Amino acid sequence: KYSMSNYAKQVPIDVTVDLDKWGVSPGNSAATNQAAIANVVTRLRAAQLPGFHLRINRQGTFNLTRGTDGSGLDKYATRKACILLPSNTKFELGADTEIKLADNARSYLVRNDDPINGNENIEICGGIWNGNGASGQAGDYDVYPNQGWYEQIMWGENIDGFSLHDTIFTDPAIWCTAFTKMHDAIYRNIHFDNCHRDGLHFVGLCTDIDISHVTGSCHDNCIAFTTNEGTYF
């Protein structure tokens with residue numbers, strides 16, 4: 001197993017929270033789980049802690065749906081995500097924990113919370129991330145500011161110090177993951193299962209990207225790097 005401390009900037013953990021003790025349950029509706037996670041993150045951010053570790057170490061499938069869309073620039077900042085992670089956060093799933101996008105929910109399962117101003121030191125690890133592609137392909141491809149399809153499982157933008165490891169991605173509607181403006185990022189022990197398009201997709205302006213131990217198969221590019229030149233996303 002790999003940890004962020006071995007490969008990139010270490011998250012300064014001050015408190016660890018087991019989310020299944022705070023209203024997150026495989027028996028809940030997707031909206032209830034989404035709201036419970038958002039409420040915990042809001043409370044921890046308000047406490048101005050140096051950093052925190054969120055985890056769900058429980059067997060089962062936890063359904064999620066997107067949060068409030070917002071409006072104007074706020075809409076583009078939040079990106080209709082189920083989980084928004086602030087700086088200095090570790091989000092960990094148990095080996096038998098599955099996070100699944102609810103039916104007909106065009107959304108990222110997880111992304112960073114401040115792509116405009118940037119985040120730092122975010123670690124995501126463990127578990128199964130299920131995009132529930134069978135719920136229907138995304139219908140809104142965003143052209144401003146070039147964020148792509150809403151139904152990617154994971155989107156990261158403008159993060160300095162990022163780690164993604166020991167995860168399984170399955171059944172995305174479009175790509176599994178996409179990242180841009182990533183700096184000092186580590187990707188380790190990642191498996192793709194039933195992935196219809198790209199696995200790890202990097203979009204221009206990324207530096208110091210380190211990838212190893214990627215397994216499984218994708219029906220397009222397993223690992224894709226594009227430049228920020230021209231009109232191609």
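Side chains included, hydrogens not; waters and symmetry mates left out as well; all remaining heavy atoms used. Source: prediction; values computed, not measured. Index from 1, following the sequence.
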Can you name the side chain to side chain contact (heavy atoms under 4.5 Å, CB included) partners of [X], sequence neighbours left out?
X: S29; value: A31, T32
X: N130; value: E98, K100, N132, T170, D171
X: N158; value: K181
X: I168; value: I128, H191

Heavy atoms only: give me the nearest [X]-[Y] pair and the separation to one decimal.
X: T207; Y: H183; value: OG1-ND1, 2.7 Å
X: L64; Y: Q34; value: CD2-N, 3.6 Å
X: G199; Y: T177; value: O-OG1, 2.8 Å
X: P172; Y: C195; value: CD-CA, 3.8 Å

Those residues that, when tested against [X], pass side-chain hydrogen bond (donor to acceptor under 3.5 Å, both in side chains) (two or more places apart):
X: D96; result: none
X: S87; result: N119
X: H219; result: none
X: E92; result: H53

| task | List for me each residue that meets salt bridge (Lys or Arg N to Asp or Glu O under 4.0 Å) alongside R58, sequence neighbours excluded, and say none if there are none. | result | none

| query | Does R45 have any salt bridge (Lys or Arg N to Asp or Glu O under 4.0 Å) partners at least two apart in sequence or in another chain, and if so, which? | reply | D113

Any side-chain heavy atom of [X] within less than 4.5 Å of one from [Y]?
X: L200; Y: C176; value: no
X: R43; Y: W22; value: yes
X: F192; Y: S217; value: no
X: F91; Y: I83; value: yes
X: T65; Y: S107; value: no

Do side-chain atoms of [X] reach the backbone of [Y] as a donor and acceptor pair under 3.5 angstrom?
X: N33; Y: S25; value: yes
X: T180; Y: V203; value: yes
X: T89; Y: L85; value: no
X: T16; Y: L54; value: no
X: T97; Y: I56; value: yes
X: N112; Y: E157; value: yes

Straight-line distance of [X] [atom1] to [Y] [atom2], nearest 0.5 Å:
X: E120; Y: D184; atom1: CD; atom2: CG; value: 11.0 Å
X: C125; Y: R55; atom1: SG; atom2: CZ; value: 10.5 Å
X: I209; Y: I186; atom1: CD1; atom2: CD1; value: 8.0 Å
X: L109; Y: R66; atom1: CG; atom2: CZ; value: 13.0 Å
X: I99; Y: W129; atom1: CD1; atom2: CH2; value: 5.5 Å
X: D198; Y: C218; atom1: CG; atom2: SG; value: 7.0 Å

| request: Hey, could you give me each pair passing salt bridge (Lys or Arg N to Asp or Glu O under 4.0 Å) that has a residue in residues 30-41? Not counting sequence neighbours. | output: none

| query | Using 30° and 60° as the class limits, which term best fits the ring planes of F202 and Y187: parallel, tilted or perpendicular? | reply | perpendicular

| Any idea how F179 and F162 line up, ring-wise: parallel (<30°), tilted (30 to 60°), or perpendicular (>60°)? | tilted

| query | Of T215, D166, T167, which meets side chain to side chain donor-acceptor pair (under 3.5 Å) against N189? | reply | D166

| said: Test side-chain hydrogen bond (donor to acceptor under 3.5 Å, both in side chains) on H201 and Q152; report intermediate values, then the result. | reply: CA-CA 10 Å; H201 191 114; Q152 291 160 188; over 6 Å; no

| query | Sequence neighbours excluded, which residues qualify as ring-ring contact (aromatic ring centres under 6.0 Å, His included) partners of F62? | reply | none

| message | side chain to side chain contact (heavy atoms under 4.5 Å, CB included) for V41 and L84? Distances and angles first, verdict last. | response | CA-CA 8 Å; V41 171; L84 289 168; over 6 Å; no

| Check ion pair R188-D210 (N to O, under 4.0 angstrom) | yes

